[in-house]
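As structure tokens, the structure follows; a few thoughts come after it.
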Amino acid sequence: MTTFFEKNLNALSNEPLKAKLQAIKQSEFKLIYGKDSLDINIKDLSDGGGGLSLS
């Protein structure tokens, strides 16, 4: 099954961007779909630090 993310990657014509996005192995975001096919929201599940360590 092709995911929504994979379908969008396949549609990209910008090869450098496509390669960077394909390298993502883990995400701290969750897609939330509504009843309408255009109702798509992204929820940040991280601690808000963007994965950066300040220590």
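This one's a predicted model, so the numbers in the text were calculated from it and none came from an experiment.
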Minimal non-hydrogen separation, Leu31 against Phe4, with atom names: CD1-CD2, 4.0 Å

Identify every side-chain donor-acceptor pair in residues 32-39 under 3.5 Å, counting partners at least two apart or on other chains, and give the distances.
from, atom 1, to, atom 2, distance (Å)
Asp36, OD1, Leu38, N, 2.7
Asp39, OD1, Asn41, ND2, 3.2

Listed partners of Glu6 passing side chain to side chain donor-acceptor pair (under 3.5 Å), at least two apart: Thr3

Only pairs under 3.5 Å count here: list side-chain donor-acceptor contacts from residues 15-25, not counting sequence neighbours, and write none if there are none.
none

